[in-house]
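Reviewing the structure listed below.
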Amino acid sequence: QVQLVESGGGLVQAGGSLRVSCAASERIFSSSVMGWFRQAPGKKREFVARISSSGGSTDYAVSVKGRFTISRDNAKNTVYLQMNSLKPADPAVYYCAAGSRWSTSSQGYDYWGQGTQVTVSS
C-alpha cells in the first residue's frame, strides 16, 4: 500500500511563512519524482513545484518562484515545501504527489496524498 501523508498546513498571516511536509511509503519514495500541487475552491489543481528523485533538480511555477522551496530527505522518506512571503493568492489545499516522470501535469503522477489546507489571512 503506497501512502503519502501531508502535514503542516494551517493559518498564517500574509507575508508569513509555513512549511508543509509529506511522508511517503519507503517503497516508492527514493525512486520517485515528488511534486506539490494546490487547488483552491472553484479552480483547477495546479502545479507548484517538483523535485527529482536525487534532489538535484527542482522546478517551480512562476507564481511561487523565489518564495517557495521544495526539498526532500530521502533518509526520512519526506518531501517538504517551504513557503515564504505568503500572499492572498496562495491559499489552497496543497497536495503532494509521487511519480516516475518529470512532469508539471497532475496526470504525470501516480500517487497522491489527501491534501493539507493552507489559509492566508490579510
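Every value quoted in this text rests on a predicted model; they were computed, and no experiment measured them.
With hydrogens and angles ignored, the 3.5 Å screen pairs no side-chain donor or acceptor of Thr119 with any backbone N or O of Leu11. The closest donor-acceptor contact from the side chain of Glu6 to the backbone of Gln114 lies under 3.5 Å. Panel note: side chain Arg45, backbone Ser105; no donor-acceptor pair is recorded below 3.5 Å. Distance alone, capped at 3.5 Å, places no donor-acceptor pair between the Ser17 side chain and the Asn84 backbone.
Grouping the Ile, Leu, Val, Met, Phe, Trp and Tyr side chains by contacts below 4.5 angstrom, directly or via other members, places Val20 with Val64. Using a 4.5 Å cut-off between side-chain heavy atoms of Ile, Leu, Val, Met, Phe, Trp and Tyr, with links allowed through other members, Phe68 and Val12 fall into the same hydrophobic cluster.
Between Leu18 and Val118 there is a side-chain heavy-atom pair separated by less than 4.5 Å. When side chains are defined from C-beta on, Ser53 does not count as touching Ser31, because their heavy atoms never get closer than 4.5 Å. Between Gln13 and Val120, the closest side-chain pair of non-hydrogen atoms is not below 4.5 Å. A heavy-atom distance below 4.5 Å is found between the side chains of Leu4 and Met34. In this structure, the side chains of Tyr80 and Ile70 stay at 4.5 Å or more apart for every pair of heavy atoms. For the pair Ile51/Val79, a side-chain contact is recorded, criterion being any heavy-atom separation below 4.5 Å from C-beta on. At least one side-chain heavy atom of Ser57 sits less than 4.5 Å from a side-chain heavy atom of Trp102.
Residue Cys22 holds its SG atom at 10.0 Å from CZ of Arg72, rounded to the nearest 0.5 Å. Here OG of Ser32 is found 7.5 Å from CG of Asp110. Values are rounded to the nearest 0.5 Å. Note that CG of Leu86 and OG of Ser122 are 13.0 Å apart. Values are rounded to the nearest 0.5 Å. How far NZ of Lys65 is from CG of Asp59: 6.0 Å, rounded to the nearest 0.5 Å.
Each salt bridge (Lys or Arg N to Asp or Glu O under 4.0 Å) pair with one or both residues in residues 74-96, not counting sequence neighbours, appears once here: Arg38-Asp90, Arg67-Asp90.
Remark: Arg50 fails to qualify as a cation-pi partner of Tyr60 under the 6.0 Å distance and 45° angle criteria applied to the six-membered ring.
Using cut-offs of 30° and 60° for the angle between ring planes, the Phe37 and Tyr109 rings count as perpendicular.
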Is there a side chain to side chain contact (heavy atoms under 4.5 Å, CB included) between Trp112 and Ser106? Walk through the geometry before answering.
CA-CA 10 Å; Trp112 291 84; Ser106 59; 3.6 Å; yes

For Trp36 and Phe47, run ring pair (Phe, Tyr, Trp, His ring centres under 6.0 Å): C-alpha distance rounded to whole Å, both residues' side-chain angles, the deciding distance at 0.1 Å, then the answer.
CA-CA 6 Å; Trp36 283 98; Phe47 165 75; over 10 Å; no

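Nearest approach of Ala92 to Ala40, heavy atoms of both residues: CB-N, 3.8 Å. Residues Phe29 and Asn77 share a closest heavy-atom pair of CD2-CA, 3.4 Å.
Judged by distance alone, the side chains of Thr78 and Asp73 never bring a donor and an acceptor atom under 3.5 Å apart.
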